[in-house]
2 protein chains.
Amino acid sequence: MDTDDITLKLRDVRAASGLSLSKAAELTGVSKAMLGQIERGESSPTISTLWKIAKGFQLPLSALIGTDALRDTNDGDLFRTVTFPGSIAVKIVFPYDPALGAETFHVDLSPNQRYDSAAHAAGVTEEVFVLDGTLEVLRGGDWVPLQSGQGLRFAADLPHGYRAGDVGATFLNMHHYVPTNGRDLAAGQPAMEPRQ
Amino acid sequence: MDTDDITLKLRDVRAASGLSLSKAAELTGVSKAMLGQIERGESSPTISTLWKIAKGFQLPLSALIGTDALRDTNDGDLFRTVTFPGSIAVKIVFPYDPALGAETFHVDLSPNQRYDSAAHAAGVTEEVFVLDGTLEVLRGGDWVPLQSGQGLRFAADLPHGYRAGDVGATFLNMHHYVPTNGRDLAAGQPAMEPRQ
DNA sequence: TTCCCTTGTGCGTTATAACGCACATGTGCT
DNA sequence: AGCACATGTGCGTTATAACGCACAAGGGAA
């Protein structure tokens with residue numbers, strides 16, 4: 001999905017409305033020369049003018065931008081690595097997306113390695129799916145044993161921890177945050193600490 | 001939803017990944033001075049640079065633009081009926097939870113077996129993580145090849161499909177639905193005003 | 001035909017997005 | 001203390017988005 005699709009979208013939208021460039025310019029507050037250039041792909045509009053156009057046509061921005069571009073991530077060719085406080089390295093399988101409120105990590109623990117996590121924000125839920133080895137998850141006050149191919153879902157707004165077995169453990173770790181409505185982004189922060 | 005929220009979104013996204021401006025600049029190909037100005041609302045980025053940023057962070061554009069602004073006016077209510085049409089055997093790893101809006105399946109395809117899925121409801125996002133074998137995912141007209149350990153996130157409100165390789169494929173399939181809590185979707189806000 | 005209007009595009013100027021570099025501050029380390 | 005490094009911001013320059021205006025092409029209507 002490319003950004004040129006905006007040109008097609010705008011052309012279709014304007015054609016559907018039956019408006020000329022002049023009237024569209026008068027309606028949106030964007031000069032008709034600029035509208036023409038955008039439609040021809042000769043200019044990459046700023047979001048400010050994109051917003052003017054969407055407002056003039058009384059349309060959401062999604063009507064101008066390709067829907068695939070709004071949600072498809074880049075092909076997961078290479079994973080970025082992030083380090084949690086506690087010095088375990090995890091790989092990002094699916095990065096945090098505010099629209100989903102979810103992120104997925106790929107974690108690898110050496111034999112008998114343990115990692116404890118403090119309580120996250122209220123409402124945060126974690127899921128664990130063991131890919132290889134054996135793992136124990138501290139949920140509430142109990143260590144829940146998991147084998148390869150097994151999963152566990154638990155509330156992460158309590159202290160919890162992970163402990164690998166004698167052969168180590170590899171598992172996926174999904175974080176689900178509470179849906180952030182609008183601007184209260186501070187409430188649904190992902191759990192990745194600023195660390196390198 | 002105001003376009004200034006892009007500043008908040010970008011700040012939040014960058015903080016979530018724990019990246020500095022310098023590293024974010026190196027990752028996205030956008031100068032750190034520009035990233036800083038965007039975060040501070042001192043500049044209205046073009047969609048071209050917005051695309052660079054999204055690509056660098058491996059995020060969809062919706063992670064940077066306010067979701068309210070993107071919502072389609074006639075979306076209507078989304079149905080949470082999960083219909084995973086029969087012909088293939090799936091195992092429920094994590095059942096559907098209304099609080100999360102997510103569910104996870106464990107799918108096993110025999111060699112060269114193919115499964116096509118019709119478009120789901122608008123806004124549904126799927127994630128695929130290959131556990132074993134090789135898999136190809138039909139996303140937006142293209143077959144994306146995936147190997148064991150690789151993942152892909154894509155919009156599932158378009159026709160999509162799965163095709164196993166010569167050795168079959170085992171993969172996790174996560175479905176993310178959109179929370180249906182009523183929100184202001186027609187709220188049009190003015191664009192960012194040019195500075196003087 | 002001529003006149004008038006509207007269509008979309010091209011041109012020159014202005015505003016500003018984007019860049020590279022340098023600076024001030026802060027933090028950790030010895 | 002001092003040093004080294006990283007962070008984020010300010011400055012000057014370049015690239016380009018956006019503007020206003022003017023032009024050429026295509027319709028009708030007389």
Side-chain angles (χ1 to χ4, degrees), chain A residues 2-57 61 64-65 80-83 85-87 185-186 189 192-196, chain B residues 2-57 61 64-65 190-196:
Chain A
D2 216 330
T3 53
D4 321 291
D5 290 337
I6 293 178
T7 74
L8 302 176
K9 292 272 184 180
L10 177 54
R11 191 150 247 166
D12 291 342
V13 162
R14 189 172 64 87
S17 312
L19 290 173
S20 65
L21 278 181
S22 306
K23 293 186 178 177
E26 185 180 354
L27 190 62
T28 59
V30 180
S31 69
K32 67 174 182 177
M34 181 54 13
L35 291 175
Q37 286 188 14
I38 293 174
E39 285 189 353
R40 277 174 276 140
E42 297 176 9
S43 178
S44 177
T46 65
I47 56 162
S48 175
T49 61
L50 248 186
W51 186 268
K52 289 182 186 173
I53 296 172
K55 212 186 144 191
F57 281 98
L61 279 180
L64 298 174
I65 307 176
R80 275 213 328 272
T81 303
V82 177
T83 304
S87 71
L185 292 166
Q189 291 279 9
M192 283 183 289
E193 299 292 334
R195 182 81 190 100
Q196 58 214 7
Chain B
D2 211 325
T3 51
D4 310 284
D5 289 337
I6 292 178
T7 73
L8 300 177
K9 293 272 184 182
L10 178 54
R11 259 233 158 95
D12 188 59
V13 162
R14 188 172 63 86
S17 45
L19 289 172
S20 66
L21 278 181
S22 306
K23 295 187 177 177
E26 185 181 354
L27 190 63
T28 60
V30 180
S31 68
K32 69 174 182 178
M34 180 58 12
L35 291 175
Q37 286 187 13
I38 293 174
E39 285 188 352
R40 277 174 276 141
E42 297 177 11
S43 178
S44 176
T46 65
I47 56 160
S48 174
T49 61
L50 210 58
W51 183 266
K52 289 182 188 175
I53 297 173
K55 248 179 88 180
F57 280 97
L61 280 180
L64 299 174
I65 307 176
M192 172 188 297
E193 288 300 322
R195 307 178 64 81
Q196 42 211 359

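Throughout, protein chains are lettered first and strands after them, A, B, ... in sequence-line order, and every chain is numbered starting at 1. Note that the structure is a prediction, hence the values are computed from the model and not measured.
Every residue two or more places apart in sequence or in another chain that forms a side-chain contact (heavy atoms from CB on, under 4.5 Å) with B:T46 is listed here: A:S44, A:T46, B:S48, B:T49. For A:A24, the side-chain contact (heavy atoms from CB on, under 4.5 Å) test picks out A:R14, A:L35, A:F57, with sequence neighbours left out.
Between D:dA17, D:dG10, D:dG8, one nucleotide has an atom nearer to the side chain of B:E42 than all others, and that is D:dG10. Residue B:K23 has its side chain nearest to D:dT7 when only C:dA18, D:dT7, C:dT9 are considered.
For the helix from C:dT1-D:dA30 to C:dT30-D:dA1, the rotation axes defined at the first and last 5 base pairs enclose an angle of 20°, given to the nearest 10°.
The shortest distance between the side-chain N/O atoms of A:R14 and the OP1/OP2 oxygens of C:dT7 is not below 4.0 Å. B:S20 has a side-chain polar atom (N or O) that falls below the 4.0 Å cut-off from OP1 or OP2 of D:dT7. Between A:S44 and D:dA17 there is no side-chain N or O to OP1 or OP2 distance below 4.0 Å.
Going from atom CG of B:L50 over to atom C1' of C:dA17 covers 13 Å, rounded to whole Å. Between the CG atom of A:L19 and the P atom of C:dT7 there is a distance of 10 Å, rounded to whole Å. A:L10 has its CG atom 14 Å from the C1' atom of C:dG8, to the nearest Å. Counting to the nearest Å, the P atom of C:dT7 and the CD atom of A:E26 are 11 Å from each other.
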key: Where protein sits on nucleotides 19-28 of chain D, one letter per nucleotide: B base, S sugar-phosphate only, - none, heavy atoms under 4.0 Å   = BB-B------
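Within the structure, salt bridge (Lys or Arg N to Asp or Glu O under 4.0 Å) pairs that include any residue of residues 40-50 of chain A comprise A:R40-A:E42 (at least two apart or interchain).
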